[in-house]
Amino acid sequence: MSKPRIPYTRPSITELEQRYAADAVANGWGERCYGYIGRFERAFADHLGVRHAVATSSCTGALHMGLAALGIGPGDEVILADTNWIASAAPIVHLGATPVFVDILPDSWCIDPRAAERAVTPRTKAILAVHLYGNLCDMDALLALGERRGVPVVEDAAEAVGSVHHGRRAGSIGRFGAFSFHGTKTITTGEGGMFVTNDDDLHERVLTLSNHGRARGQVRQFWPDMVGFKYKMSNVQAAIGCAQVERIGELVARKRAILAAYRERLADLPAIAMNPEPAGTVNGAWMPTAVFDASAGVTREALQHAFAQENVDARVFFHPLSGLPMFAPRQGNRNAWDIPGRAINLPTYHDMTESELDRVSGVLRAALHAGARA
Ligand SMILES: *Cc1c(COP(=O)(O)O)cnc(C)c1O
């Protein structure tokens, strides 16, 4: 018989989430249909230390509206790292703009600010900083670049709940931030997202866009001022979100403890690099990731095979987006094209046990030994 399955991630849902959701289902209608939504937006904004938050149906929707509110459209370019999930690039394409994929740094696996600088053109309308797996982008360098070239820096912080850059939370640093509450993320509403900003005008534009183009204060009924979007979160989802935000400290602490537990178990193996935490930062540790030295002889395929044998649902490191069929290849993005071939995402969830951590670490250790023999 095979060993019990270790999933890649799993939400932590307690009696609190169930109670709020049940209340929303029973009572959150009519006059109260936005009650939990407003409460969730306020609580999340307070957690981040930002002025405004707009709950959405997804992070993709939050990005789409934020980029639209910046006026990004056909002919424009948005710079982002080649190493990413498609959700960060899709809204750029939907707006008729062009995603410009640049290389990542070898240690943080996030956008290389120097590569971003080389990619700036007169058509560049934004730099999208995606904090990969909880690792922080070099925000100081990106903000300085944005300042020099007059280009806003925006954040996809879907993977960076709990990450802090010199006292400021990921997602609160750029012109706007976008979050995901998909079931695999650190806090979840099943599906869901959040747009956040300190910019009052941008917030107003996103509110209008998010309400089918109806501006606040428009007195005529059914009278949109422009064609907008419909990316709203439901009150029942927001109720779950309220409970998750109340527990956010506990949820992030467990994520960090799991990353630390992996690090401890693998400390004697210098050929394996994991998510960094530079001085002055906190890594929210959404997704512990192991990257093997090129010299270790360990491939993604060997890792996938070894984890499948052990009944562990480890996931591959993101493929370079420019390697997908709908984009032009940019093989010059050396790190983005090279690292995924010798890396793997490790399981992490609130209720993970010590023996499960042992099993996962054991697979990495064995893969390293097998690579050395090959
Ligand atoms: C999960 C994720 C998204 C997409 O979030 P959705 O809520 O599914 O739209 C976007 N960007 C990053 C970096 C993500 O990890």
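We count ligands from 1, going down the list as the structure has it; atoms in each ligand are counted the same way. When a residue number appears, it is its place in the shown sequence, counting from 1.
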Kindly indicate whether a cation-pi arrangement holds for R254 with Y349, taking the cut-offs as under 6.0 Å to the six-membered ring centre and within 45° of the axis. no
Decide whether N283 and N275 meet the rule of one side-chain donor and one side-chain acceptor closer than 3.5 Å. no
CA sep, side-chain torsions, deciding dist, call: N198, R51, side chain to side chain donor-acceptor pair (under 3.5 Å): CA-CA 5 Å; N198 285 310; R51 290 164 66 84; 5.3 Å; no
Which protein residues have a heavy atom under 4.0 Å from ligand 1? S58, C59, T60, A87, S88, V130, D156, A158, E159, S180, K185, G192
Can you tell me if R32 has over 12 outside heavy atoms packed within less than 6.0 Å of its CZ? no
Please confirm whether R315 makes a cation-pi placement over Y8, using NZ or CZ under 6.0 Å from the six-membered ring centre and within 45° of the ring normal. yes
Taking the side chain as everything from C-beta on, heavy atoms only, tell me whether L70 gets closer than 4.5 Å to R175. yes
